[in-house]
K.L.:
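I am attaching a structure below and will ask some questions about it afterwards.
Heavy-atom basis, side chains included; hydrogens, waters and symmetry copies ignored. Heads up: numbering here begins at 1 and tracks the sequence.
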Amino acid sequence: MTMICTIKFEDLRFSMPWGYVVGRWYGNRKVRPILALHGWLDNMGTWNTLIPLLPEHIGILCIDFPGHGLSPKLPKGIIYHTVDYICVIIRIMQEYNWQKVSILSHSMSSMLSFLFTAIHPERVDMLISIDIVRMRYRQPKPHIEFMRNNIEKYLIEDERLIMMDVIEPPSYTYERAEQILFEGSHKSVDMDNCKHILNRNIAKSKIYPDKYYFSRDGRIKYYFDFITSAPFAAELAKRIHDVPYCVIKGSESNYINEDSNEVIEILRERNPHFELHEINGTHHVHLNNPVEVADVINPFINRHRPPLLQSWSLSDGEDNVKRSDNITENIKRNRSKL
């Protein structure tokens, strides 16, 4: 089932020291929204099919991380790192003066959201993670090899980025670009849903009018994630002891496996608000099977971020909003008399 998002939205730009990142705020603008963060090599289009199914009383603010989608690339010569993305979250919170943030995340962003929440548990009031529950582990020898290869490949991509000013990247028909994305996701994204991510990851060729090239930053393929050990991840999990935390695993995915058991058990034992669900689907279960995902996360959202009386009503009409505001003022006046 493919859903097309028809909810009203506003496109935004958030200033960053190197430029900006783009965002799109869907739905209610009267209350703090859920901040929706995408996975590695993806963009905010990953939420297109799920957003129409989420509770109407709360808005969804999606962003494209630097180098992804329509957000600009980091300056030439700069390596992407998990900490860069965490700083984006903090800067968006500063933009709106949020004391807390609610996060909806997938894959890479679920890893960095786990880290962010463990570092600042007092600043997160709800975390929903799709198909990842911890940071990545690597043994010392494979990690050394990973670092060496990533640095070498990053330098190649950085040279290509410099050359893009004079040489356009390889271009493809739209259908071929869809196939490349489909295969690049290891067939995790259904072919019918590739367009949701692809449309923000390509640009029209100036040389071949009927072709497109991938416009996302090639350097993000070799970004440096925050590698942990099992003991370090366990200590992080212990700090998330009072944050409502919902994890959804795709049944056909192995991103949550036996290596995640220790973190899951710590969360289950220490956090009374932790939930783990398995839903039929691949790593992109939220994009391909949004109805079942919504059936799980909507009660979770309604329980931990219920409608506020002064900001939402069943009819959402102006009169109802005014009446709600009057009720709130009466409550305040009555409390002041106590």
K.L.:
Going by heavy atoms in the side chains, are Met16 and Pro66 under 4.5 Å from each other?
P.N.:
no
K.L.:
Any sub-3.5 Å donor-acceptor pair from Ser171's side-chain atoms to Tyr213's backbone N or O?
P.N.:
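Such a contact is absent between Ser171 side chain and Tyr213 backbone.
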K.L.:
Apply the side-chain contact (heavy atoms from CB on, under 4.5 Å) test between Val293 and each candidate in Ile297, Asp295, Val291; give the one that qualifies.
P.N.:
Ile297
K.L.:
Ignoring hydrogens and geometry beyond distance, is a side-chain donor-acceptor pair present between Gln179 and Glu183 at under 3.5 Å?
P.N.:
yes
K.L.:
Going by heavy atoms in the side chains, are Arg305 and Arg32 under 4.5 Å from each other?
P.N.:
yes
K.L.:
Could you pull out the closest heavy-atom pair between Met135 and Met111, with the gap in Å?
P.N.:
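Scanning both residues completely, I find the closest heavy atoms to be SD-O, 2.8 Å.
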K.L.:
Does the side chain of Asn201 come under 3.5 Å of the side chain of Asn43 through a donor N or O and an acceptor N or O?
P.N.:
yes
K.L.:
Once salt bridge (charged side-chain N to carboxylate O under 4.0 Å, His left out) is applied, do any residues pair with Lys100, and if so which ones, sequence neighbours excluded?
P.N.:
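Here no residue qualifies.
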K.L.:
Side-chain donor-acceptor pair under 3.5 Å between Asp84 and Tyr223, yes or no?
P.N.:
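No donor-acceptor contact under 3.5 Å links the two side chains.
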K.L.:
Can a donor-acceptor pair be found between the side chains of Asn288 and Thr282 at a distance below 3.5 Å?
P.N.:
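Result is yes, a qualifying pair exists.
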K.L.:
I'd like to know if Lys249 and Asp131 make a salt bridge, using a cut-off of under 4.0 Å between side-chain N and carboxylate O.
P.N.:
no
K.L.:
Would you name the heavy atoms of Leu104 and Leu54 that are closest together and state the gap between them?
P.N.:
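Closest approach of Leu104 to Leu54: CD2-CD1, 4.5 Å.
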K.L.:
A side-chain contact here means heavy atoms from C-beta on lying under 4.5 Å apart; do Leu267 and Val133 qualify?
P.N.:
yes
K.L.:
Check the angle between the aromatic planes of Tyr96 and Trp25 and answer parallel, tilted or perpendicular using the 30° and 60° thresholds.
P.N.:
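It falls in the perpendicular class, over 60°.
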K.L.:
Does Lys204 reach the main-chain N or O of Pro209 with its side chain, forming a donor-acceptor pair under 3.5 Å?
P.N.:
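Yes: the side chain of Lys204 pairs with the backbone of Pro209.
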K.L.:
Report yes if the side chains of Ile220 and Glu157 come closer than 4.5 Å at any heavy-atom pair, otherwise no.
P.N.:
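Side-chain contact under 4.5 Å: no.
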K.L.:
Taking all non-hydrogen atoms of both residues into account, name the closest pair between Gly67 and Tyr80 and its distance.
P.N.:
CA-OH, 3.5 Å
K.L.:
Please state whether the rings of Tyr212 and Tyr174 are parallel, tilted or perpendicular, taking 30° and 60° as the class boundaries.
P.N.:
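Because their plane-to-plane angle is over 60°, the rings of Tyr212 and Tyr174 count as perpendicular.
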K.L.:
Under 30°, 30 to 60°, or over 60°: which ring-plane class applies to His283 and His106, parallel, tilted or perpendicular?
P.N.:
tilted
K.L.:
Do you see a donor-acceptor pair shorter than 3.5 Å between the side chains of Asp225 and Thr82?
P.N.:
no
K.L.:
Is the backbone N or O of Gly39 less than 3.5 Å from a side-chain atom of Ser107, with the two atoms forming a donor-acceptor pair by type?
P.N.:
no
K.L.:
Against Leu127, only a single residue in Pro121, Pro244, Ser105 fulfils side-chain contact (heavy atoms from CB on, under 4.5 Å); can you say which?
P.N.:
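That would be Ser105; it is the only one of Pro121, Pro244, Ser105 passing the side-chain contact (heavy atoms from CB on, under 4.5 Å) with Leu127.
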K.L.:
So, the side chain of Asp217 versus the backbone of Lys73: is there a donor-acceptor pair under 3.5 Å, distance only?
P.N.:
no
K.L.:
Measure across Arg219 and Ile78 and return the closest heavy-atom pair with its distance rounded to 0.1 Å.
P.N.:
NH1-O, 3.2 Å
K.L.:
For Tyr85 and His68, take the angle between the two ring planes, folded into 0 to 90°, and tell me which bin it lands in: parallel under 30, tilted 30 to 60, perpendicular over 60.
P.N.:
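Taking His68 first and then Tyr85, their aromatic rings stand perpendicular (interplane angle over 60°).
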K.L.:
Measuring only between side-chain heavy atoms, which start at C-beta, is Ile60 closer than 4.5 Å to Pro33?
P.N.:
no
K.L.:
Before we go on, tell me: are the rings of Trp47 and His38 under 6.0 Å apart, centre to centre?
P.N.:
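No.
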K.L.:
Taking the inter-plane angle between the rings of Phe146 and Phe224 on a 0 to 90° scale, is it parallel (under 30°), tilted (30 to 60°) or perpendicular (over 60°)?
P.N.:
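Ring orientation, 0 to 90° scale: perpendicular.
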K.L.:
Please find the pair of heavy atoms, one from Glu168 and one from Lys206, that lie closest to each other, and give the distance.
P.N.:
OE1-N, 2.9 Å
K.L.:
Would you call the rings of Tyr245 and Phe274 parallel, tilted or perpendicular, where under 30° means parallel and over 60° means perpendicular?
P.N.:
perpendicular
